[in-house]
Protein chains: 2
Amino acid sequence: MSEIKSLARGLKLLELLAQAENGAGITELAGQLDIDKSSASRLVQTLASYGFAEQDPDTRRYKLGPRIVTLSRTMLTRMPLRDEAKPFLRRLMERTGEGAHLAILSQGGALYVDQVESPATLRATTGVGTVAPLHCTALGKALLAFDAHAHFPTELKAYTPRTITSPETLRVHLDQTRRQGYAVDDEEYEYGVRCLAVPVFDYRGKAVGAIGISGPAGRISLERLSELAAITRTIGQELTDRLSFKP
Amino acid sequence: MSEIKSLARGLKLLELLAQAENGAGITELAGQLDIDKSSASRLVQTLASYGFAEQDPDTRRYKLGPRIVTLSRTMLTRMPLRDEAKPFLRRLMERTGEGAHLAILSQGGALYVDQVESPATLRATTGVGTVAPLHCTALGKALLAFDAHAHFPTELKAYTPRTITSPETLRVHLDQTRRQGYAVDDEEYEYGVRCLAVPVFDYRGKAVGAIGISGPAGRISLERLSELAAITRTIGQELTDRLSFKP
DNA sequence: GTGCCCGTTGTATAATGCACAACGATTGAC
DNA sequence: GTCAATCGTTGTGCATTATACAACGGGCAC
């Protein structure tokens, strides 16, 4: 049980550095963690000596270090699901013409772990590493509906007027999602952006992620929706089939 | 001076987890750091409780956690150079037809922090977060030649028969790079891949990064080299100009 | 079933991180 | 230009805390 306190503080400092827009000063950091300046200074120095933090030579303020970017990449390249899904994401993009994404459940949201951008000039781009809410994105809904580990969100924040904010409505919506086998985000997270997503299962039948497309509502029209859903479902099923032979 | 020991150990554990291909066990980790199993267990538990590590429920082995990917993204989005460079990277890709990259000096190499992929089916893709050697890549050479903070590599590892492995040759080569204002990697890092890069300077005249293109040697032919170099130099200069008004 | 190896947990001791304080450096106001 | 205030860093004694040792419980192979 017992956490290592100073390691925990160091990690909290990393999160604070991440939140700070233009870096953070030692005094400021110490205040937020309610620890002494000297402790904060030494902790951040340690982070810096391993490349996890960096000091601006001019302002003496600290920010996140480059080592994190490196680690992130090695983590992503070590993710088997990502390798398996890549060609299917490409196909999904080519057949629909829209940006394709792969997400997993993480940190109470949908974590985007890979993408294939659409060549169209007008494109909805959600970068790898983003955590999107579960209740108003297609990938999120797909995870929420099919992944047993997903916690039903306690707060349904409204991002647009179309966002579903009532738990009952969302539950009904998720039932429908399960029945039809794919999830839709109809401008519920961002104005003018529609998304479609389907879950992906591993050899044990457990949902391990979701793939989907995302694009301007003008191109992903309501008339094309069922056609695009069919394509997405097919490719999702193919990926699931591929993952069935992995144990 | 004095490092916080347990934080340092936690960070070392992160690096070990990054190196481990298929996750790592506690005993194994403890052995590599020469600490007790119990310490390693508690440290990794702390990492896990903040999402920096993750335990496979089946094998009980640990691997890197998803929080790192999130942090990496926030760090990249907070990097001003990246925002400034993005449109220039796009232009570079459009005018040359090759994949364009932005790199900074970090961890003794060239850290790729952004890219715009070529639409061509045959493309050389080096993902964001990769650290490439300085002596045999165009971006690396550009940084090595123009960034005063760059340390001359102690070991010049040969990746292909064309890799420059002699320090004297490399110094002469870097002099030439400085004179002509752009760097070339002629299949010195990867077979069949040629790259071109130019440094980018901030308002103080200090090199803060490099941008360049990378593609199959068939398309980046030696005849087109000077033409492509001119384009890259021009766009690099434009980005440098843009950064001059930032203080 | 039995022995082995793994990850986790309890505990006393000693090492380590912490609070307080002082120091140099930088910034801003007058 | 001078002074004061603030910031980040560094020393140091004390007390908290991380650690090593040991024991435990579970999974796996034989």
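The structure presented is a predicted model; accordingly, all values stated were derived computationally and were not measured. Below, chain A is the first sequence line, B the second, and so on; all start at residue 1.
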A.B. asks: Under 4.0 Å from any atom of DNA chain D, heavy atoms only: list the residues of residues 17-39 of chain B that qualify, in numerical order.
C.D. replies: B/Asp36, B/Ser38, B/Ser39
A.B. asks: Side chain of B/Gln45 only, please: which of C/dT8, D/dT9, C/dG10 is the nearest?
C.D. replies: C/dT8
A.B. asks: Could you tell me how far apart B/Glu3 (CD) and D/dT10 (C1') are, to the nearest whole angstrom?
C.D. replies: 15 Å
A.B. asks: Do A/Arg42 and D/dG11 have a side chain to base donor-acceptor pair shorter than 3.5 Å?
C.D. replies: yes
A.B. asks: Would you mind checking if A/Arg82 and A/Asp114 are paired as a salt bridge, meaning a charged N to carboxylate O distance below 4.0 Å?
C.D. replies: yes
A.B. asks: Tell me: CG of B/Asp56 to P of C/dT8, nearest whole Å?
C.D. replies: 12 Å
A.B. asks: Could you give the CZ-to-P distance, from B/Arg60 to C/dT8, as a whole number of Å?
C.D. replies: 6 Å
A.B. asks: When the nearest nucleotide of DNA chain D is assigned to A/Thr59 and to B/Lys5 on a heavy-atom basis, which residue is associated with the more 5' position?
C.D. replies: A/Thr59
A.B. asks: Between B/Arg9 and B/Leu13, is any pair of side-chain heavy atoms under 4.5 Å apart?
C.D. replies: no
A.B. asks: Both conditions, 6.0 Å and 45 degrees, for the charged tip of A/Arg242 above the ring of A/Phe88: are they met here?
C.D. replies: no
A.B. asks: So, OP1 or OP2 of C/dT8: does either fall under 4.0 Å of a side-chain N or O from B/Ser41?
C.D. replies: yes
A.B. asks: Would you say C/dC6 has OP1 or OP2 under 4.0 Å from some side-chain N or O of B/Tyr62?
C.D. replies: no
A.B. asks: Rounded to whole Å, please give me the gap between CG in A/Asp58 and P in D/dC7.
C.D. replies: 18 Å
A.B. asks: What integer distance in Å separates A/Leu43:CG from D/dT9:P?
C.D. replies: 12 Å
A.B. asks: Do A/Arg204 and B/Asp58 sit within salt-bridge range, that is, some charged N less than 4.0 Å from a carboxylate O?
C.D. replies: yes
A.B. asks: Answer yes or no: is there an ion pair linking B/Arg178 with B/Asp175, defined by an N-O contact shorter than 4.0 Å?
C.D. replies: yes
A.B. asks: For A/Arg9, answer base if it contacts any base atom (sugar-phosphate contacts may also be present), sugar-phosphate if it contacts only those atoms, and nothing otherwise; contact means non-hydrogen atoms under 4.0 Å.
C.D. replies: sugar-phosphate
A.B. asks: Could you tell me whether A/Arg78 and B/Glu21 have a side-chain N and a carboxylate O separated by less than 4.0 Å?
C.D. replies: yes
A.B. asks: Send over the distance from B/Leu47 CG to C/dT8 C1', rounded to a whole Å.
C.D. replies: 16 Å
A.B. asks: Round to a whole Å and report the spacing from NZ of B/Lys63 to P of C/dG7.
C.D. replies: 16 Å
A.B. asks: Do B/Arg67's NZ or CZ and the ring of B/Tyr50 fall within the cation-pi criteria of under 6.0 Å and 45°?
C.D. replies: no
A.B. asks: Which nucleotide in the set C/dG17, D/dT10, C/dT8 lies at the smallest distance from any side-chain heavy atom of B/Ile4?
C.D. replies: C/dG17
